Amino acid sequence: MNAQIRSQVVSAVQACEEKKGEDISILEMDKNTSAFTDYFLICTGKNPRQIQAIADEVELRLKKSGVPANQVEGYNQADWILIDYVDFVVHVFSEASRRFYDLERLWKSARKVTVADLKKPAASPRALKSARTKAPVKVASRTRNAASRTAARTTRHRKSS
């Protein structure tokens with residue numbers, strides 16, 4: 001993932017924490033699904049005013065860093081505020097709505113990540129590709145060696161009989 005996007009998600013998490021958002025969860029969406037974004041940031045507020053304060057802080061912090069929200073939904077009702085940043089979406093829920101919609105279950109193919117995971121440098125596509133190609137070669141060579149040893153033992157056993 002893009003380091004800039006990861007940094008923006010971290011800023012949004014920090015904004016949620018600053019306003020005492022609870023049960024903060026970050027989901028990295030699976031590219032093989034119909035996910036329309038890279039990350040979901042989900043948190044819970046205790047009451048409508050806190051839910052709005054969390055959403056306000058997320059918007060303010062990201063706007064200061066030059067990232068305005070693409071769309072905000074549900075602000076006036078303050079039961080579930082959705083802030084769309086295209087590459088990630090922030091969901092600020094009331095406790096009841098979070099239990100009811102249960103996005104973590106709905107998007108169970110997503111990988112749960114931490115702020116520490118987001119702060120790690122992303123592996124380059126080349127490193128990922130070489131890691132994928134090297135592992136099977138080792139396994140294949142071990143299998144080939146084991147098969148060779150078995151064939152040699154069988155041949156020796158037949159000669160001695």
Side-chain angles (χ1 to χ4, degrees), residues 1-140:
M1 276 307 124
N2 182 337
Q4 186 177 11
I5 296 166
R6 295 162 69 100
S7 173
Q8 292 167 2
V9 174
V10 169
S11 291
V13 168
Q14 291 167 341
C16 292
E17 290 172 338
E18 185 174 306
K19 293 300 177 179
K20 309 294 186 223
E22 297 179 350
D23 198 16
I24 297 171
S25 180
I26 307 165
L27 302 178
E28 183 176 29
M29 308 311 285
D30 185 4
K31 297 295 178 203
N32 297 325
T33 65
S34 59
F36 47 88
T37 190
D38 294 333
Y39 294 96
F40 274 180
L41 168 57
I42 305 167
C43 80
T44 304
K46 291 279 190 192
N47 57 58
R49 288 188 68 140
Q50 183 190 22
I51 292 167
Q52 288 175 332
I54 293 168
D56 289 342
E57 186 63 26
V58 169
E59 279 192 272
L60 180 66
R61 192 173 287 226
L62 289 167
K63 194 172 189 177
K64 279 183 181 177
S65 63
V67 185
N70 188 46
Q71 184 75 31
V72 178
E73 298 287 335
Y75 186 85
N76 291 334
Q77 297 82 7
D79 190 47
W80 173 8
I81 299 177
L82 181 146
I83 312 168
D84 182 4
Y85 287 97
V86 181
D87 296 312
F88 65 98
V89 177
V90 179
H91 301 270
V92 187
F93 281 104
S94 68
E95 292 172 323
S97 289
R98 182 152 182 190
R99 278 192 308 274
F100 181 79
Y101 291 104
D102 197 6
L103 293 184
E104 289 95 339
R105 182 193 56 77
L106 186 64
W107 293 95
K108 62 186 170 194
S109 65
R111 184 173 72 101
K112 200 166 191 174
V113 296
T114 65
V115 170
D117 294 331
L118 293 174
K119 288 182 176 180
K120 290 178 189 170
S124 69
R126 179 178 286 173
L128 290 174
K129 185 178 178 182
S130 67
R132 275 189 239 126
T133 57
K134 287 181 183 175
V137 171
K138 290 179 185 176
V139 172

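Sequence positions, counted from 1, serve as the residue numbers for this chain. This one's a predicted model, so the numbers in the text were calculated from it and none came from an experiment.
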Side-chain polar contacts of residues 50-59 - donor-acceptor pairs under 3.5 angstrom, sequence neighbours left out - could you list them?
unit_1	atom_1	unit_2	atom_2	d
Gln50	OE1	Lys46	N	2.5
Gln50	NE2	Lys19	O	3.1
Gln50	NE2	Lys20	O	2.9
Gln52	NE2	Tyr75	O	2.9
Asp56	OD1	Tyr75	OH	2.9
Asp56	OD2	Tyr75	OH	2.9

Beyond-backbone contact of [X] with [Y], side-chain heavy atoms, under 4.5 angstrom:
X: Ile42; Y: Tyr101; answer: no
X: Phe88; Y: Leu62; answer: yes
X: Asp38; Y: Ile5; answer: yes
X: Val89; Y: Phe36; answer: yes
X: Asp102; Y: Glu104; answer: yes
X: His91; Y: Leu82; answer: yes
X: Gln14; Y: Glu18; answer: no

[X] versus [Y], closest heavy-atom pair with distance:
X: Cys43; Y: Cys16; answer: SG-SG, 3.7 Å
X: Gly74; Y: Ile81; answer: O-CG1, 3.5 Å
X: Tyr39; Y: Glu28; answer: OH-OE2, 3.5 Å
X: Ile26; Y: Thr114; answer: CD1-C, 4.1 Å
X: Arg61; Y: Ala15; answer: NE-CB, 3.8 Å

Give the C-alpha distance, both sets of side-chain angles, the deciding distance and a yes or no for side chain to side chain contact (heavy atoms under 4.5 Å, CB included) between Ser97 and Gln77.
-> CA-CA 12 Å; Ser97 289; Gln77 297 82 7; over 6 Å; no
Reported [atom1]-to-[atom2] distance for the pair [X] and [Y], which is rounded to 0.5 angstrom:
X: Trp107; Y: Ser25; atom1: CH2; atom2: OG; value: 14.0 Å
X: Asp84; Y: Thr37; atom1: CG; atom2: OG1; value: 6.5 Å
X: Phe93; Y: Leu103; atom1: CZ; atom2: CG; value: 4.0 Å
X: Arg111; Y: Leu27; atom1: CZ; atom2: CG; value: 10.5 Å
X: Asn47; Y: Glu95; atom1: CG; atom2: CD; value: 9.5 Å
X: Lys119; Y: Ser7; atom1: NZ; atom2: OG; value: 9.5 Å

Measure from the side-chain N and O atoms of Thr44 to the backbone N and O of Ser94, and report whether any donor-acceptor pair falls under 3.5 Å.
-> no
Is the backbone of Asp117 close enough, under 3.5 Å, to the side chain of Arg6 for a donor and an acceptor to pair up by distance?
-> yes
Salt bridge (charged side-chain N to carboxylate O under 4.0 Å, His left out) involving Glu17 - partner list, sequence neighbours excluded = none
